[in-house]
Structures are given as C-alpha cells and as structure tokens.
Amino acid sequence: MSEAGEGGGRVAGSPLPRRAPWSLVAATATLCLVSATSVWTAGAAPMSREEKQKLGNQVLEMFDHAYGNYMEHAYPADELMPLTCRGRVRGQEPSRGDVDDALGKFSLTLIDSLDTLVVLNKTKEFEDAVRKVLRDVNLDNDVVVSVFETNIRVLGGLLGGHSLAIMLREKGEYMQWYNDELLQMAKQLGYKLLPAFNTTSGLPYPRINLKFGIRKPEARTGTETDTCTACAGTLILEFAALSRFTGATIFEEYARKALDFLWEKRQRSSNLVGVTINIHTGDWVRKDSGVGAGIDSYYEYLLKAYVLLGDDSFLERFNTHYDAIMRYISQPPLLLDVHIHKPMLNARTWMDALLAFFPGLQVLKGDIRPAIETHEMLYQVIKKHNFLPEAFTTDFRVHWAQHPLRPEFAESTYFLYKATGDPYYLEVGKTLIENLNKYARVPCGFAAMKDVRTGSHEDRMDSFFLAEMFKYLYLLFADKEDIIFDIEDYIFTTEAHLLPLWLSTTNQNISKKNTTSEYTELDDSNFDWTCPNTQILFPNDPLYAQSIREPLKNVVDKSCPRGIIRVREESFRSGAKPPLRARDFMATNPEHLEILKKMGVSLIHLKDGRVQLVQHAIQAASSIDAEDGLRFMQEMIELSSQQQKEQQLPPRAVQIVSHPFFGRVVLTAGPAQFGLDLSKHKETRGFVASSKPYNGCSELTNPEAVMGKIALIQRGQCMFAEKARNIQNAGAIGGIVIDDNEGSSSDTAPLFQMAGDGKDTDDIKIPMLFLFSKEGSIILDAIREHEEVEVLLSDKARDRDAEMESEEQTSSENDSQNQSAEQVISLSQTFDLVDQESPDESSVHSHLEPTSPAETPDATSISPSGETSNPTESHETTSLDGECTDIDNQLEEQSETEEDSSPNVSWGKKVQPIDSILADWNEDIEAFEMMEKDEL
Ligand code: DMJ
C-alpha cells in the first residue's frame, strides 16, 4: 500500500462510516482523483472561479433545456425525439434495430436522469421526479429489452436515485416521505432480469421480455446464442448493490458467476477476451479484442467492483487484463483491436468512439501517461469534426460519421482534470459545451449528429446524454461547495449512476469463488497495487501533463494515411508489378484464378453474391509469388476504394435558418446526380414553397408561388429529373424532393442519390436534394406553423451563430423529359450505421463486414464491400516521419485536404521489409497453430 493511500484514506460517508480492509486501496484510487488544482503554476492559464461558475451555470441551463423538453414533450415515453418534438414510443416508430432494445416503455430518460438532478443541485425537481417514477412507471410491460441496457440504465438509475434519496432523507430536509420505494422497484426489476441467467454457463441471455421472461412462447426471445462480453460482464456493480441494499444475495451471486465464467474463458496466452461469446458453449464467437464496443465496461466493472466490494480477485483479474491491454492493444496514443490468439496482429484499422472512456479508467487505475496521450489524440479528432465520430481510422479519417452525443470523452476529461488539476482540461470541457450548443442544440432539446461532416441531425436524444454528459460536465467545473454531498463517497457506474462506497461493508455474506491461486504466476510488477501520488507528481512538475500532450498536438492534422499503403509504397518503390493487375482481374477467368492461387490469394464467394479476396502468404508458391500477391492485394484495395468513392456522394444538409430555428435544425439529405453540385458551389438559400401539383410531374400551376424559392415536391410518379425541370421552369432556385413513403427516415433507411433520367441532364442548373418523409415533415410542419420558412441547401451545415448571409443561385433553362420511373443509386454502404452497443454480434456492423477480419488473422483480405482488413499492418511501418505520397493522398477524405507530413510523430513500430514480414507471418502462423492445439 502506498503512503499516498494511507495519507489519503478518508472516511466514507454515512450511514456506515466503518471501512473495510480494502478501503485504503479504494482511497488510493480515490486519491488518484484528488488533484493538485491549487498548485497549478504553468501550462494552460488557470480558470477563474467566476469563469468556472459561468460554465457550470451554462451546463445547468443546457440540462434544463434537455430535461425540460423531455418532460414537456415526451414524458412518459422513453426518449425525446428532439427534431419532431415528441416522445419515442417503441412500436410507434420504425424500428431502429438493437438500439430500440433499451426502450422498455418505462420512462427511460426520467429514470436515467434521477441522480443527475441531485448532482446538479435540483433537489426539488428530484423529489418531483421520484414521485413521478413511483406513480407512473410500469416494469411489467410485454416488451423485449436488452438485459445490459436495462441493467445499466434502469436498475442503475433506480439504485442511483435510491442512494441519493436516502442521503437527502438523512440530511433531514428533502425526501422525508421516502420509504425506499425506488429500491423496491429496483428489486422487482432485478427479479425480472434473473431468468436471463438460466444458462449452463451462467452468462445471461442478451434480451428478456419484461412480462414473460425468456423462452415462453409469448416471450419472443430466448433463442439467442451469443452475447457481447460487456453485456455479460457489466452487471456486478448494480447487482451487488441491489444485494447489499436489500440483503437478497442472489443478484450478486449471479453477476459474480457470469464474471467468473468470462474470466475462465479468457484466452490463456494473451489474457484477452473476444467481443462476443456463445452463452451456451462459452466459445468465442468474435475473437477480436479491444477496449471499445462490446468489451469496454467489462474491464471497467472489474476495477470498480474491486473499489466497491473490496474483493482482491477483481483487482487481480483487472490487472491481468490491463497488462495484456497495454502489451497488445495500446499503441499510444492509439488503442487498436487485435486478435485474441494472435495479439501482435491488429484486427482493425479503425477505432470506435466508445473507447473514449478508457483514459478515465486509466486514471482510476493510476496510469496517467497513456491516459493523457489517448485523451489528447481523441481531442484532436474532436477539434477536427466537432464531435467524436462513431468510428475513425488510424489516420483519423471518419469511418462512421454518426455521433449520438456520447459522454465517454467528457467522462475521461473529468477524471483527467481531477487527477492532474491541469486547467487545460477545463478548456477542453468548455469546447465540448460550445460544440453541443453550436451544433447539437435544437429548439426542442439536443439532437444526435447524423453525420459529423455535414452537421446534420438525427431525431434522437439518448437517455445517457442526461445520465452522464451533464453530470461529468457539471462536476468538471464544480467546486466542492457546489455539490450538496461528497461525491467521493460514491462510485460511478458505467452509466454514471452513483453507488455509495459504504456498501462494501454491508451484507457481505455472498459466497465467493476463491480463484486467487490462479494468479500466482502473473508478473504484474508493472501494474502493481498502487497508483502514482498525484499530489506529489503534479506539484513537482506542473508541466507534466502538458509535456506528454505537446508532441501529440498536431497528430491529427499532420497524419498521413498509414498502414496498408506503406507496404504498397515499399513494394512499388522497386517498380515491381504483380503478374495480374487488379484492374484486369475477372473472377470468372480460370487463368486469373490460377495466378491468384499461385500468389496465395483465395477467392471466397459470399452469400450475398459478392466475392472476397484473402491472401495467405504461406500458401503462395514461393516468397516472390507471395510478394506479388501482396502487391495485387494492395492494388485491389486501392481500386476498391476508388470505386467506392466514385459510387458514393456524401450526404447533403438542409438547414432551417429562419425563426425560430436559426440554423439549429439540420436535416440529412440525399444528393442528386444532376443539377448544381453543392460540394463545389456555395450553398443555396431561399424560402420554401410547395409546388402544384405536389408531385411536380407536369408544368406547375403556381409558378408565382415558387418563383425565386426552393420548391418542395413529393417523390413519385415521374423521374427526379423531370421534377427538377418543371420547378426550374417555374423559376425555382432549388428543389427538395420529399419521400412519399410515410414514416421513412434517414435514421432507419439508407440514403441514396437521385439519379438522372438516362439522358443528358446538363440543362438542370438548380440544386436538388432528397429528404425522407420524417425529415420532410419537419419542414412541412414548420411551414404550417410559421408560414415563412427559409432553408439553406449545402454540403455542410453553416455556422448557426453567425448571421446567415443570403445566397441565391438560380438558373433556369427550359427543357423537360418524360419517363415513367425513378432511378436510384444506393449509398447504403457508407451510411447504413448500426449502434455500437449492440448486445449481439449479428447486429454489429454486419453490413460492412460480411466476413470478420478476425477470422483471417494471418491474411490480407479485401471484399468489394469496401471494408478491408490488413492485419499485416502490425508488421508495417507506423513511423510517420516521412512525407505522404500522392498515392496516400488519394485515400484521404474527398473534401478534406490534409497536410503532407507528420514530423516528430512516431507510433512506435518500425519499417520492415517484405521478406521480414513474410518470415514473421510464418512465425505467427506457427505460434497460432500451437495456441489452437493447446486450447484443444
Ligand atoms: C452508456 O449507456 C454507457 O456508458 C455504456 O457503458 C456505453 N455506452 C453508453 C454511452 O455511450
């Protein structure tokens, strides 16, 4: 135990001030968060108390805007739909797939917000909210919900609410009437979740019917075989708290059993776990491993279970995994997924946004340096795109452009500030606040970003936004006296619900499996039981955090596309060409197939009719053929990427700029293959008017109404180009086609671009955009309410705070063509996104990855779907201290120009010639085969 731990040992809050033996360690973890704020002397300028208070008040105002609109327009529904300003009721909206499994018709957002109200000092509102929960919430609905989401959001929300309700009751002013009713509800819900654990493994089913449980015919669930590791491993805090609060030990026992099983199943050589596991057999279904989606909170709960429950085995497990993470996944500042059996090989070339929680966890662990590095890298990505895109590549391009207002980065910012006291993190928080207000705030709440590149919105405000984002932002700027209780008496669950640390010494009679003997061989000398004493570290070197951040300052702007390209560059430098050029390749040509075989490239016909190419260098006829195969694959990757770009146009934005929207609502629109290209020209701005006839399929009868305006036209009955010509002839300066399929939305349907009519469309000069029905109805509703509605058509939303300048681009040439059908080109590959928290594997970006790269760890694979995986990356150069080549630049995002070099930045891996790569492959494959045998 460190001196720091003992010196920092503080007495936990009431009702049970007694400390268990582990408390010093918990205090040590707490101590990591006890910062040196008062001694900061250099680096970022200190922030005055007034400025902090101003920002804290801004957070309160933003919370009121989000919560107030939810309560006014959505409650008792689960969530607010901030664009259409109503509640999201499951079954009444088009299904969004697994994301909807969080919605159980139990007023999710209200429950998830309970303890936020207390943290934000809104005690009166908390009291009202608790009364509403007790009066209105039904936990017995015939609805299938995610066990994971229900646990972290609803059970956690009820327990967090209960924890703070009894704290307030004890203080003697508020909640005097409270008789543990929230806890009774939590217990009722706990019993409803228990049937999910009825598996031989003890791992829970991913879903349960709140009314009928599992497997009954009425339940409509219980046939699943897989779950994600986080889904099965993120229960212990809530379940143990429930057991300790109520004395009913069964909950903690079940959660422990699931954790024990996951621990048993870890890959024994690497000590890593996969993303999804079969709940019956315990086999890993997805063998890739990272710290983001699908695994994240499993690690979080091991460490926090130790802090809350004081059980050493949890810390030992955490340390074992942490050692593996730092060995294989952490490539500072990146965190890259690897394969559990071959952890030296990367499984992906991109990172997901959920991993942004990890620096916060590292702070709790006490490993500050990599936390600072990763956080800084994430901040650079945010500065580039305003928000963290759902996924971004290792060279920081957008991979999935969505951003559902996730709180993980704010969480890590808070913990880093607590640990370092560096005012830099307050400035980071300020930027987050500004971006939320500038880009996500809409008149009826805050809307998720549909596409961070265009600034367009989704009609979605997830409950975690209220549970987590406002808590962490408020706490970041709050001084001790701004909060009515001592926050350090509590631990944050993964949903930021607060559980009191005194639970550790309450009702401890849970039977524990003693597994400590398994750890004797572990060398955890680098990851010992203490964390650095930040009270010594930071005052001694106030520039410590800054000195770690400094080399990373330009990491995003100065980066070059890396990895796969580098190998190609190396091999092309010699001028060598593969015997078969990618552009000539035909999958039906037997000669070509023969050449592929020689090069070790095999062809896999996917179920959906596409083909996937996989190279196994070891299967090539010779090492020269293997090199040729590598070159062929690189050409193929480039070709595929180019083809994809040709097929895809990024989405466009329709921004409502008139009162009361003032640019705050941005709708995702599909582009047209004809008319003014908004990516090349300035935006078009104008008032909207409906055309008559509304389908725009004949000469307009109301040209005076659409003259000089942007015409609204309904989809259907004739070609898009014909509609465009008709409105152009009537003098419109632009057109918006609104889908005639009622209920369609870009939230649930893939965007597409409107195709021409097969003839010359050069005569169409005005811009044309497409809106699905739901987005279109936002404009139609606005006209009904406000008559004059002005919009901006563009490729990217404009700064909504600046006064919008009028911009008109009109052109009209008369011509019209008649056709009988529309043509549509699908853009679904890029924009068909799925939620990262999906509890089962089948839902996780299956569209983008028909064959998991993790299944071919020793191979370079590419499919015409555009998703490429190249595990050879881990052998390739990642040192970026050279110049990007033109070829590299071809792969950059269409609209972005990035700088050509990245001096001073090294990812810590070395350039390797191809011979050596191939030799390594062989070694890896042998090691892999050995491991597989061992496991059998
Ligand atoms: C939250 O519900 C929790 O933090 C969870 O562990 C991960 N995802 C969301 C927020 O992004």
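Numbering of ligands and ligand atoms starts at 1, following listing order. Values in this document were obtained by computation on a predicted structure and should not be read as measured data.
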Relative to ligand 1, is L354 under 4.0 angstrom through side chain, backbone, both or neither, heavy atoms considered?
-> side chain

How long is the span from the NE2 atom in H403 to the NZ atom in K450, to the nearest 0.5 Å?
-> 14.5 Å

Under-4.0 Å heavy-atom contact with ligand 1, by part of I152 that carries it = side chain

Could you tell me how the ring of Y67 sits relative to the ring of Y70: parallel (under 30°), tilted (30 to 60°) or perpendicular (over 60°)?
-> tilted

Looking at ligand 1, does any of its N/O atoms fall within less than 3.5 Å of an N/O of R406?
-> yes

By salt bridge (charged side-chain N to carboxylate O under 4.0 Å, His left out), which residues pair with R96, not counting sequence neighbours?
-> E79, D100

Go through the structure and list residues passing salt bridge (charged side-chain N to carboxylate O under 4.0 Å, His left out) with K122, not counting sequence neighbours.
-> D64

Proximal atoms of ligand 1 relative to E495 (non-hydrogen, under 4.0 Å) = 1 (C), 2 (O), 3 (C)

Gap between atom CG of L210 and atom NZ of K192 - 0.5 Å precision | 6.5 Å

Check the angle between the aromatic planes of F239 and F251 and answer parallel, tilted or perpendicular using the 30° and 60° thresholds.
-> perpendicular

For ligand 1, which atoms, with element, lie under 4.0 Å from some heavy atom of P407?
-> 10 (C), 11 (O)

May I ask you to check whether E468 has an N/O atom sitting below 3.5 Å from an N/O atom of ligand 1?
-> yes

What part of A496, side chain from CB on, backbone N/CA/C/O, both or neither, has a heavy atom under 4.0 Å from ligand 1?
-> neither

Test of proximity, E408 against ligand 1: N or O pairs below 3.5 Å = yes

